[in-house]
Protein chains: 2
Amino acid sequence: MSSVREIARVVGVSPATVSRVINSDPRVAETVRRRVLEAANKARYVASVGRRPTTNIAFVYTSQPSLGSTYDTAILQGLSDGIELMGLDLVILNAGRNRLDHETYTQMFMRRGVRGAVLRATADSHLICEQIASEGFPSVVVGERFANPRVSFVHAESRPASRTAAEHLIDLGHRRIAICVNGIPDSDHADRLAGFRDAMKARDIEFDDRYAFQAWARRDGGTQLIRQIAAMSRPPTAVFITDPITAVGAFNEARELGVRVPEDLSIIGFDDGEMRYIVHPAMTAVCQDAVAIGRAAFEVLHELLDRKSATAVPRKVLRTWFEVHGSTAPPGQSATIKGSRQTTGQSRRKSTQKE
Amino acid sequence: MSSVREIARVVGVSPATVSRVINSDPRVAETVRRRVLEAANKARYVASVGRRPTTNIAFVYTSQPSLGSTYDTAILQGLSDGIELMGLDLVILNAGRNRLDHETYTQMFMRRGVRGAVLRATADSHLICEQIASEGFPSVVVGERFANPRVSFVHAESRPASRTAAEHLIDLGHRRIAICVNGIPDSDHADRLAGFRDAMKARDIEFDDRYAFQAWARRDGGTQLIRQIAAMSRPPTAVFITDPITAVGAFNEARELGVRVPEDLSIIGFDDGEMRYIVHPAMTAVCQDAVAIGRAAFEVLHELLDRKSATAVPRKVLRTWFEVHGSTAPPGQSATIKGSRQTTGQSRRKSTQKE
DNA sequence: TACAATCTATGAAACAGTTACACGGCGTAT
DNA sequence: ATACGCCGTGTAACTGTTTCATAGATTGTA
């Protein structure tokens with residue numbers, strides 16, 4: 001296959017120099033570095049230890065707080081299943097911190113014996129993902145959708161389910177409907193916003209821009225949101241919050257301020273785990289299966305590694321779905337309506353509050 | 001240092017055979033395998049790739065559902081900080097699945113170029129941890145406490161804070177106090193139970209064994225718990241639930257069944273993240289900082305790797321603390337008492353329910 | 001300008017681990 | 001008795017990395 005010595009022969013340089021380039025030794029001349037890297041990429045070089053090729057798969061996160069959300073944990077879980085089954089190893093990398101100055105991403109991976117990477121993208125790491133893809137390194141992105149045809153990704157299509165969610169609110173009789181997306185709007189949140197607008201447009205409801213909110217994907221993001229809503233002169237009667245932890249924060253603050261859910265405010269959240277069940281009433285939500293996304297990411301990566309030639313860029317689109325629980329109801333209704341069954345809801349709320 | 005060839009020379013065998021032993025090649029004779037392994041352990045062999053020693057740190061989990069809890073995520077977060085700073089790599093391993101038949105744990109690690117391991121222990125993986133420690137492989141356990149003097153671990157001492165928690169309930173006037181520990185009782189949960197009993201004993205309250213519950217560390221564990229309590233003829237007026245997700249499940253089911261928290265039932269939970277804030281009322285809880293545990297684990301491991309001789313086994317004990325929020329109150333009280341400030345509580349509950 | 005000192009980039013060689021292949025010994029079948 | 005096959009191990013060839021040496025360039029100094 002392609003070895004350090006092979007590349008050295010092609011470029012007309014010693015194996016030591018090739019090794020130095022791959023390990024980002026700063027002493028090697030710029031022109032030589034470029035020539036070596038080009039040859040290494042062209043030969044689809046993968047490191048070996050002894051005669052055995054390396055078998056590391058990297059989970060790469062870019063921004064700091066990434067590792068920590070339920071989404072990331074679930075992805076890891078889904079990934080590790082397939083990885084272990086194939087006898088590969090899973091390493092965790094921080095693209096920002098692990099990369100040396102002036103180092104290619106491919107170099108960073110080769111240095112660590114990484115064969116393929118799952119990139120955990122956020123809105124501000126689009127460039128990194130596209131860079132890695134354009135370097136030709138086998139990689140698949142989770143968490144973001146890309147127009148760039150070179151980027152391979154796994155994506156949960158949340159636009160249709162978001163539209164269904166918004167239509168559910170409209171069907172209940174809501175007209176003043178708010179939406180709250182992530183402070184740093186990524187493509188997922190943009191999709192959810194788009195689905196929301198689809199519904200509004202289809203049902204001929206004009207959308208008041210004062211009802212468009214942004215919040216950080218943290219608990220206090222939801223806190224702020226509810227405070228803003230509560231302070232409005234004509235507050236919305238329903239809100240679609242496109243992030244799980246923000247939605248939970250909103251639930252809490254609504255209680256704090258005496259805003260009843262769903263009587264005073266219907267809330268539709270977003271869930272990738274089981275957040276929707278740990279609030280009360282259980283949260284009506286657009287849902288995705290993050291573990292499945294992790295599994296799919298491995299499958300795509302596996303395909304990417306297996307194939308010999310550069311065929312089509314593999315992608316996978318999963319579905320999201322809409323689940324009705326107890327946090328949505330017709331607007332301005334009191335307790336009398338609460339016994340009514342929702343369409344697909346499993347919520348069995350009993351009246352613990354007596355108004 | 002110690003190389004494959006060095007060990008081969010000592011044992012009187014070829015380097016190839018040593019490599020085969022380390023990689024668990026089934027073809028090598030049993031007697032030879034034993035001699036080689038003994039020599040490798042004695043020489044504190046660490047794998048290299050080329051002339052560079054490997055620098056992998058493994059996060060090892062043993063049981064399947066482990067990776068996925070907030071605790072594990074937080075540990076990973078704390079770990080990765082130190083690991084990246086030192087230029088090491090973090091790999092995720094499943095001890096159960098990755099180990100080959102008849103393979104030593106040390107072999108499993110050497111095969112992967114792992115230099116040190118953080119072991120995520122549960123109640124049923126004590127043997128594995130002790131085995132790894134007794135093999136002399138640099139490792140530190142999180143999640144469990146060990147009597148075995150060979151095992152190095154990081155531990156959050158939850159007995160004193162649990163005692164304080166129980167005393168808080170007693171001070172509020174509770175006498176019928178229940179406790180719910182994990183279905184598979186590990187040392188952490190045992191400590192919390194012990195602290196609970198300490199308080200009962202110190203205040204001369206006889207403990208009714210019917211008030212000792214066990215539940216799975218899942219949401220429905222809490223569900224079952226509350227159902228059992230609600231069905232009792234003389235139910236407890238307070239319960240200490242030693243697991244975060246169980247506690248949250250209990251909160252939900254209490255609402256479902258119309259059991260008011262804290263009026264009908266005071267709940268003290270356990271929290272290693274910010275679970276206590278995402279329920280309502282905010283949960284009075286014994287708390288630990290799981291990210292700090294991860295950081296400490298790395299420090300201990302680092303110390304373990306750095307030292308040359310076998311000195312004392314490093315351990316680290318962190319503290320847990322008790323936080324009063326809104327889920328505890330005097331027993332049998334109605335809304336009139338609810339305005340009273342708790343000792344350290346930040347809870348600013350407002351009466352959203354009107355009884 | 002001449003010359004020494006230093007620095008820089010690179011190659012040769014030594015060394016790390018792994019595996020393909022060869023081979024000797026042992027058991028078994030014809 | 002001989003042939004065949006299997007098992008265990010060593011040799012050698014092949015990974016990648018680093019130390020050391022060295023040619024060439026650069027810099028400092030008289």
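Convention: sequence-line order gives letters A, B, ...; per-chain numbering from 1. Note: hydrogens, waters and symmetry copies are ignored here, and every other heavy atom, side chains too, is used.
Not a single salt bridge (Lys or Arg N to Asp or Glu O under 4.0 Å) links Arg35(A) to another residue, sequence neighbours left out. Phe298(A) meets the ring-ring contact (aromatic ring centres under 6.0 Å, His included) test with His302(A); sequence neighbours excluded.
Contacts of Val18(B) with the nucleic acid, taken as non-hydrogen atoms under 4.0 Å apart, are absent. Note on Ala29(B): only backbone sugar-phosphate atoms sit closer than 4.0 angstrom, heavy atoms only; bases stay farther off. Among the heavy atoms of the strands lying under 4.0 Å from Ser48(A) are primed sugar atoms or P, OP1, OP2 only; no base atom is included.
Regarding Ile22(B), its CD1 atom lies at a distance of 7 Å from the P atom of dG17(C), rounded to whole Å. Atom CZ of Arg111(A) and atom P of dT17(D) are 11 Å apart (whole Å). The nearest whole Å value for the distance from the CZ atom in Arg20(A) to the C1' atom in dC20(D) is 10 Å. In this entry the distance linking CD1 of Ile7(A) with P of dG16(D) reads 8 Å, nearest Å. Per the geometry, CZ belonging to Arg33(B) stands 10 Å off P belonging to dG8(D), to the nearest Å. Rounded to whole Å, atom P of dG17(C) lies 14 Å from atom CZ of Arg9(B). Here dG10(D) presents its P atom at 13 Å from CG of Asp25(B), a figure rounded to the nearest Å. Straight-line distance from the CD atom of Glu30(A) to the P atom of dT8(C): 16 Å, rounded to whole Å.
Side-chain contact annotation: Asn56(B) with Thr54(B), donor-acceptor N/O pair under 3.5 Å absent. Side-chain atoms of Thr70(A) and Thr73(A) include no donor-acceptor pair closer than 3.5 Å. A side-chain N or O of Asn23(B) and one of Arg52(A) form a donor-acceptor pair less than 3.5 Å apart.
Using a 4.0 Å cut-off between charged side-chain N and carboxylate O, Arg319(B) and Glu157(B) make no salt bridge.
Regarding contacts with the backbone of dG17(C), every side-chain N or O of Asn23(B) stays at 4.0 angstrom or more from both OP1 and OP2. Contact annotation: Arg27(B) side-chain N/O to dC7(D) OP1/OP2 distance is not under 4.0 Å.
Shortest non-hydrogen contact noted between Arg115(A) and Pro138(A) is O-CG, 3.6 Å.
Taking the nucleotide of DNA chain D with the nearest heavy atom to each of Pro53(B) and Arg5(B), the more 5' of the two is matched to Arg5(B). Both Thr17(B) and Gly50(B) sit near DNA chain D, but only Thr17(B) has its closest nucleotide nearer the 5' end.
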Distances under 3.5 Å between protein N/O atoms and the N/O atoms of nucleotides 24-28 of chain C, please, pair by pair.
none

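For Ser3(B), counting side-chain heavy atoms from C-beta on, the closest listed nucleotide (dT9(D), dT10(C), dG17(C)) is dG17(C). Closest approach to the Arg51(B) side chain among dA12(C), dT9(D), dC15(C) is made by dC15(C) (side chain taken as heavy atoms from C-beta onward). Taking only side-chain atoms of Val4(B), from C-beta outward, the nucleotide of dT9(D), dT17(D), dT18(C) with the closest atom is dT18(C).
Taking the six-membered ring for Trp and the full ring otherwise, Phe137(A) and Phe109(A) have centroids separated by under 6.0 Å.
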